[in-house]
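Report on one structure; see the data block that follows.
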Protein chains: 2
Amino acid sequence: MTSLPIRGVGEFERRGLRDRVYDLILEMLLEGDVEPGTRLSIDTLAKDLDVSPTPVREAMVQLERTGLVTREALRGYRVAPPLGEEQLAELFEARLMLEVEATRLATRRADELLPPLREALAHHARESERVVERLGRGAVPLSLTRAYFDSDLEFHRTIFRASGNRYVQEMYDSLGALTHRMRQAVIRGPRDVHEAAAEHRAIVEAFASGDPSAPERAMRSHIENVRDRAVEDVDAE
Amino acid sequence: MTSLPIRGVGEFERRGLRDRVYDLILEMLLEGDVEPGTRLSIDTLAKDLDVSPTPVREAMVQLERTGLVTREALRGYRVAPPLGEEQLAELFEARLMLEVEATRLATRRADELLPPLREALAHHARESERVVERLGRGAVPLSLTRAYFDSDLEFHRTIFRASGNRYVQEMYDSLGALTHRMRQAVIRGPRDVHEAAAEHRAIVEAFASGDPSAPERAMRSHIENVRDRAVEDVDAE
DNA sequence: CGCTCTTATTTCCTATAGGATCTTCGATAT
DNA sequence: ATATCGAAGATCCTATAGGAAATAAGAGCG
């Protein structure tokens, strides 16, 4: 039983065809260039992806959970309609609850959390600067926007991981797709980006302060600001 | 366009075979007489239920979300192992967050909430008495235990409905199966039942009091008590 | 001209079949 | 007796095919 240094043999996360199909369709939906209400024909998708309908069918069941597609029995799947005003409000309400609670729980492990959180903060700051720089010279490329939001998400996920509660984390993930799709919209201007970066910094400092209630206050303030900035977007339409 | 009194034509919730299969397997799992770790063979299930593997496969994807079954790609599904001590703690942590938040939100609509909540309370009280009566004369039949827990669940769901937040509600449902399975265990004695009923009453009175922070305090206290009673169960093993 | 009924096509839904992989059991060698 | 190897069985996974329902288009009638 010589334990060879071949780690990862058991870690090779085996993924069936269904998982790959799921990723592909999810990416397509998050890309955002499919109109809401569009029918997602199983057979057509299967042909396009060059697989049989069965794995596509399984992937769609999984996608139902994300809220990105709707299903009507015997009538097929459709791309979910965009979030209405009420749903947007409810989504932020739920997100506020989750983020504040995760932050509160993560405060117990502030020591372990701080190093990776500082790293995530630095990453987000770099992406922010790149976006701001581009904003000065016209439209921001999609790839940059994407990298920016990814770094933002990673910051928050770092906190959720430190919460030590798998259920809270799962709930956040289940809202993730909707959240992502909502903010897919646009980056309004350099002010938003700067504000977000500053608020992230404030959260890290709150964790470092040692005040046990400071982090959740900072997070609450951040999410409320994100909400307000998003609402301004909608109103501007 | 004579609107005939045939209501329900549009309300006939059409359900595919997949949905019925899902219900059947879910019920089997909640019944609790299947050992954790047991393999859930797709083909075998399909034969037992006298359907083809495809709808079974879809139902299993959906069940994965409830946490009642685990999946390993290319190796099939298994009945999920029972909740460990940590998971139990995390589950209650998450539930506490959800219930308190839902209560807080529902306070905005206390007027609409109170009538149905009083009804749910009365129902729960009746079931409590039936259980207590039986407890005096030996073991409680499964059907009674079940009816009791259903009435308990209905009380809480009434509050979640009044929260007006579909995402919070969905999160609660997604924890529902695990919660149900956990407390499936036993009813320890008449004291637990009486305490739970009294706490429910206190929650209703808190809603009726007009004090905006009273309901969430009452709910927090209730869930913490439920947790403590459940932990005593585990320790008693 | 508008409405209804019919017809055809598309699509979902389920069933059956076969290849790849994992598990289990038994045999063999050390 | 233990461990290793090999083969048979079971199971997952994917593909193909056909029936049922829904959508869309067109003909006939008021």
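Letters A, B, ... mirror the listed sequences (proteins, then strands); counts begin at 1.
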Measure from CD on B/Glu72 to P on D/dC12 and round the result to the nearest Å.
-> 13 Å
Could you tell me whether B/Arg39 contacts a base, only the sugar-phosphate backbone, or nothing, with contacts defined as non-hydrogen atoms closer than 4.0 Å?
-> sugar-phosphate
Pairwise distance CG(B/Leu96) to CZ(B/Phe92) - rounded to 0.5 angstrom | 10.0 Å
Whole-Å distance between C/dG19 C1' and B/Asp43 CG?
-> 14 Å
Nucleotide C/dA15, atom P - distance to CZ of A/Arg57 in whole Å = 12 Å
Would you call B/Arg108 and A/Glu93 a salt bridge, taking side-chain N to carboxylate O under 4.0 Å as the test?
-> yes
Aromatic ring pairing B/His124/B/Phe155, orientation class (parallel under 30°, perpendicular over 60°, tilted between) = tilted
What orientation do B/His156 and B/His222 show, parallel under 30°, tilted 30 to 60°, or perpendicular over 60°?
-> parallel
Describe the nucleic acid contact of A/Thr54 in one word from base, sugar-phosphate, nothing, applying a heavy-atom distance below 4.0 Å.
-> base
Round to a whole Å and report the spacing from CZ of B/Arg78 to P of C/dT23.
-> 8 Å
The side chain of B/Val51 lies closest to which of these nucleotides: D/dC12, C/dA15, C/dT16?
-> C/dA15
Picking from D/dT11, C/dC13, C/dA15, which would you name as closest to the side chain of A/Leu74?
-> C/dC13
Residue pair A/Arg71 / A/Ala73: nearest heavy atoms and the distance that separates them = NH2-CB, 3.9 Å
How close or far is atom P of D/dT14 from atom CZ of A/Arg20, stated in whole angstroms?
-> 8 Å
Closest to side chain of A/Leu17, choosing from C/dT16, D/dT16, D/dA15 = D/dA15
Under 4.0 Å between any heavy atoms, over every strand shown, what does A/Leu45 touch: base, sugar-phosphate, or nothing? Just pick one.
-> nothing
Ignoring backbone atoms, test whether A/Arg75 places a side-chain nitrogen or oxygen under 4.0 Å from the OP1 or OP2 oxygen of D/dT23.
-> yes
Side chain of B/Pro53 only, please: which of C/dT16, D/dT11, D/dT16 is the nearest?
-> C/dT16
Below 4.0 Å: OP1/OP2 of D/dT14 and any side-chain N or O of A/Ser52 = no
To the nearest angstrom, the NZ-P distance between A/Lys47 and C/dT10 comes to 9 Å
Whole-Å distance separating the CD1 atom of B/Ile42 from the P atom of C/dT14 = 15 Å
Here the distance between atom P of D/dC13 and atom CD of B/Glu58, to the nearest Å, is 14 Å
